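Remember, it's a predicted structure, so these values are computed and weren't measured experimentally. Every chain is numbered from 1, with letters handed out A, B, ... down the list of sequences. Heavy atoms only: backbone and side chains are in, while hydrogens, waters and symmetry mates are out.
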Amino acid sequence: MSAISLRGARLSYGDRVLWDGLDLDVEPGEFLAVLGPNGSGKTSLMRVLLGLQPLSSGTVLIAGGNHAIGYVPQQRALDQSMTLRGRDLVGLGLDGHSWGFGLRGRRERRIRVDAAIASVGGSRYADSPVGVLSGGEQQRLRVAQALVGDPAVLLCDEPLLSLDLANQRVVSELIDKRRREADTAVLFVTHELNPVLPLVDRVLYLVGGRFRVGTPEEVMNSRTLSELYRTPVEVVRVRDQILVVGAGACEEQTHHLSAEAAS
Amino acid sequence: MSFLDLLELDFVQTALIAAAVLGLVAGVLGPLVVTRKMAFAVHGTSELAFTGGAAALLLGVGIGYGALAGSIIAAVLLGVLSRRESDRDSVIGAILAFGLGMGILMLALYKGRASNKFGLLTGQIVGVDSTDLNLLVVSSGVVLVVLAFIYRPLFFASVDPDVAVSRGVPVRALSVVFAVLVGVATALSVQVVGALLVLALMITPAAAAMRVTASPLRATVLSVVFAEVAAVGGILLSLQPGLPVSALVTAVSFVIYLVCRGIGALRRRVLV
Ligand SMILES: Nc1ncnc2c1ncn2[C@@H]1O[C@H](COP(=O)(O)OP(=O)(O)OP(=O)(O)O)[C@@H](O)[C@H]1O
Ligand SMILES: [Mg+2]
């Protein structure tokens with residue numbers, strides 16, 4: 001059974017259609033990258049999967065339901081003065097949804113939280129107030145928070161944002177390891193495909209109401225992207241990187257690299 | 001009368017018990033109220049408790065019940081009318097002003113003793129009798145039990161609403177339940193410190209505690225300790241010189257706040 005299954009899914013706000021006729025099955029252990037310019041409906045797709053946004057039509061099914069989902073939200077900085085330490089944030093991902101105080105099993109809980117924090121290299125600042133942490137440090141705790149609950153489905157909304165190259169690798173390898181060892185299905189929204197390209201099984205590319213699903217080779221080529229953007233787009237492979245040139249001309253920049261290459 | 005003689009008096013003991021119970025409830029709720037940025041909502045709710053109390057005075061029913069009804073109505077109104085955090089302040093402002101006006105109107109129509117009127121605004125703990133005390137203890141117990149049950153998801157929803165929603169936490173419903181709990185606690189505090197000074201018990205101790213620790217558990221424990229010291233200490237200090245209880249409660253709690261701010265600032269300088 002698929003971990004995620006969308007059938008004839010359509011989402012529109014008023015008469016603005018974000019996507020329509022979307023059939024998508026994500027298998028356990030699969031890594032799906034979701035690409036597209038700003039406003040193309042990537043976050044909205046996550047909200048649909050989380051059950052926060054009803055589909056305009058079609059069906060959505062998540063194996064295991066809401067509690068099986070780990071979610072790394074699109075980054076918003078945490079309140080500076082918040083009385084919350086890194087370990088509290090991560091702990092909420094484990095059992096923040098259950099009623100009562102949860103006085104039993106505190107030892108085991110602590111071990112799991114510590115392990116999750118250590119896996120993102122966050123032990124050094126686990127006891128600091130989250131508000132004073134850097135954007136990248138907060139982001140790594142967010143990943144730990146999503147993983148600590150043993151999710152069957154992992155939804156990451158631009159999780160590499162504000163991470164330096166070394167930590168981009170730490171986080172994406174961590175997510176990769178997770179899906180290999182625990183068969184977690186991963187939906188990974190990103191504006192930068194290259195850092196995760198070796199991990200990606202399939203790509204969902206959304207542009208202005210149109211979309212394409214397929215392997216990176218099937219989607220990330222000049223013909224497909226030109227069709228999606230309805231304007232000539234050049235896709236160049238340089239060693240193991242994909243450069244997209246020209247997509248920025250009609251939509252907002254999708255890739256930093258495209259901006260650099262175009263200028 | 002000596003200080004110890006004063007402590008023997010029934011009404012003083014009732015007042016001390018009331019203050020201790022209130023300190024516990026206000027201290028536990030405080031950090032959540034501050035985290036959710038609801039200080040102004042508490043103030044608004046307490047004004048409506050005043051309105052309810054004034055209405056009760058006019059109708060000749062117990063002030064405690066009137067205050068309770070007023071603040072629960074206020075809490076539900078706030079929960080329903082301010083769906084978005086961004087317009088909460090203005091909704092509170094509008095309701096608060098209207099409620100205060102109504103309260104003053106009702107007091108003007110009331111022909112009884114004037115001290116009853118003043119007490120609603122500034123507190124009259126020495127006037128708490130045993131029926132009031134029963135109401136206080138029972139309602140506090142209910143508030144604490146409900147809070148214990150919803151505490152974790154409520155805390156989750158308060159600090160990290162996006163992820164909490166994604167984990168199936170009923171964020172919207174919890175915020176209404178919490179508003180009602182705060183409403184009940186506010187109505188109870190109104191009797192002790194008065195509508196104008198509820199913030200001294202519910203906000204100041206929590207704000208002080210959150211200056212000196214980043215651990216939610218430690219912040220709650222400290223907040224309870226501070227609220228107890230302010231409430232019980234304030235009453236004890238007021239006995240001998242015969243000063244208003246509310247003045248001393250707020251003074252003690254403000255001193256604690258200043259000290260904690262100082263400690264917090266010092267610590268930050270040492271760390272950096
Ligand atoms: N509740 C809503 N009501 C109306 N329009 C909405 C709503 N939520 C989102 N939209 C619109 O839908 C579009 C898609 O939004 P979404 O957040 O999914 O984009 P995105 O692909 O995640 O973009 P970004 O790359 O900037 O994060 C946007 O134009 C947004 O204005
Ligand atoms: Mg988005």
Side-chain angles (χ1 to χ4, degrees), chain A residues 43 46-47 49-53 62 65-76 78-103 106 109 125-133 138 141-142 145-146 148-149 151 153-155 157, chain B residues 28 30-37 39 85 144-174 177 205-223 260-261 264-265 267-268 271-272:
Chain A
T43 299
M46 300 263 156
R47 290 176 51 80
L49 297 174
L50 288 165
L52 303 179
Q53 173 71 51
I62 307 269
N66 238 17
H67 288 310
I69 301 180
Y71 175 46
V72 181
Q74 189 162 11
Q75 196 177 27
R76 191 151 11 111
L78 290 154
D79 197 337
Q80 269 267 315
S81 62
M82 191 121 74
T83 308
L84 191 75
R85 297 162 304 175
R87 65 169 55 261
D88 303 315
L89 184 77
V90 175
L92 285 172
L94 184 60
D95 58 11
H97 58 278
S98 26
W99 304 105
F101 267 126
L103 292 176
R106 294 198 70 80
R109 178 177 192 277
Y125 49 81
D127 288 304
S128 307
V130 285
V132 305
L133 299 180
Q138 290 186 4
L141 289 173
R142 285 281 186 206
Q145 184 192 35
V148 73
V153 173
L154 189 59
L155 307 179
D157 205 343
Chain B
V28 171
L32 285 166
V33 171
V34 174
T35 301
R36 299 172 70 92
K37 302 197 196 323
E85 197 176 337
L144 289 176
V145 167
V146 174
L147 194 64
F149 182 64
I150 65 170
Y151 195 86
R152 255 189 306 175
L154 177 65
F155 183 70
F156 199 176
S158 307
V159 296
D160 197 5
D162 292 350
V163 179
V165 166
S166 83
R167 301 286 288 173
V169 173
V171 172
R172 174 74 61 72
L174 280 177
V177 172
M210 292 161 87
R211 283 271 156 185
V212 292
T213 178
S215 149
L217 178 65
R218 240 170 280 155
T220 304
V221 171
L222 278 181
S223 155
C260 286
R261 272 202 84 114
R267 223 189 259 169
R268 222 155 299 141
L271 282 181
V272 170

*Asks:* Assess whether a salt bridge exists between B:Asp160 and A:Arg142, defined as any Lys/Arg side-chain N lying under 4.0 Å from an Asp/Glu carboxylate O.
*Replies:*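 Counted as a salt bridge, because a side-chain N and a carboxylate O are separated by less than 4.0 Å.
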
*Asks:* What is the minimum heavy-atom distance between A:Leu50 and B:Ser166, and which atoms define it?
*Replies:*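 Of all heavy-atom pairs spanning A:Leu50 and B:Ser166, the closest is CD2-CB, 3.4 Å.
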
*Asks:* When only pairs under 4.5 Å are counted, which of A:Gly70, A:Gly65, A:Gly100, A:Pro129 shares the most heavy-atom pairs with chain B?
*Replies:*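 That would be A:Gly100.
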
*Asks:* Is B:Ala148 close to chain A through its backbone or its side chain, or both, or neither, when contacts mean heavy atoms under 4.5 Å?
*Replies:*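 Contact with chain A involves both backbone and side-chain atoms of B:Ala148.
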
*Asks:* What part of B:Ser158 is in contact with chain A, defined as an atom under 4.5 angstrom from a non-hydrogen atom: side chain, backbone, both or neither?
*Replies:*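 For B:Ser158, neither part sits under 4.5 Å from chain A.
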
*Asks:* Would the number of heavy atoms belonging to other residues, nucleotides or ligands and lying under 6.0 Å from CZ of A:Arg109 be above 12?
*Replies:*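 Enclosed.
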
*Asks:* Determine the minimum heavy-atom distance between A:Thr83 and B:Pro216, stating which atoms define it.
*Replies:*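 A:Thr83 and B:Pro216 have their closest heavy atoms at O-CG, 3.7 Å.
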
*Asks:* Using heavy-atom distances under 4.5 Å, tell me whether A:Asp127 contacts chain B through its side chain, its backbone, both, or neither.
*Replies:*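 Contact with chain B: none, neither part.
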
*Asks:* Given 3.5 Å as the limit, does a donor-acceptor pair link the side chain of B:Arg167 with the main chain of A:Ala68, or not?
*Replies:*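 Pair absent, no side-chain N/O of B:Arg167 close to backbone of A:Ala68.
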
*Asks:* Relative to chain A, which segment of B:Arg211 carries a heavy atom at a distance below 4.5 Å: side chain, backbone, both, or neither?
*Replies:*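 Looking at B:Arg211, nothing touches chain A.
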
*Asks:* For B:Leu174, which atoms come within 4.5 Å of any heavy atom of chain A: side chain, backbone, both, or neither?
*Replies:*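 Contact with chain A: side chain only.
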
*Asks:* Is B:Pro31 close to chain A through its backbone or its side chain, or both, or neither, when contacts mean heavy atoms under 4.5 Å?
*Replies:*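 It is neither, since no heavy atom gets under 4.5 Å.
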
*Asks:* Which bit of A:Leu89 comes within less than 4.5 Å of chain B, counting heavy atoms only: side chain, backbone, both or neither?
*Replies:*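 Contact with chain B is through the side chain of A:Leu89 alone.
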
*Asks:* For A:Leu52, is it the side chain, the backbone, both or neither that has a heavy atom under 4.5 Å from a heavy atom of chain B?
*Replies:*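 Contact with chain B involves the side chain of A:Leu52 alone.
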
*Asks:* Treating B:Arg152 as the side-chain partner and A:Gly96 as the backbone partner, does any N or O pair qualify as donor plus acceptor under 3.5 Å?
*Replies:*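 No, the answer is negative, given that no donor and acceptor are paired below the 3.5 Å cut-off.
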
*Asks:* Given A:Leu92, which partner from the list B:Val163, B:Val169, B:Val159 fulfils the side-chain contact (heavy atoms from CB on, under 4.5 Å) test?
*Replies:*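 Running side-chain contact (heavy atoms from CB on, under 4.5 Å) over B:Val163, B:Val169, B:Val159 with A:Leu92 returns exactly one hit, B:Val159.
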
*Asks:* Please classify the contact of B:Phe149 with chain A as side chain, backbone, both or neither, using a heavy-atom distance under 4.5 Å.
*Replies:*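 When you check distances to chain A, atoms from both the backbone and side chain of B:Phe149 fall under 4.5 Å.
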
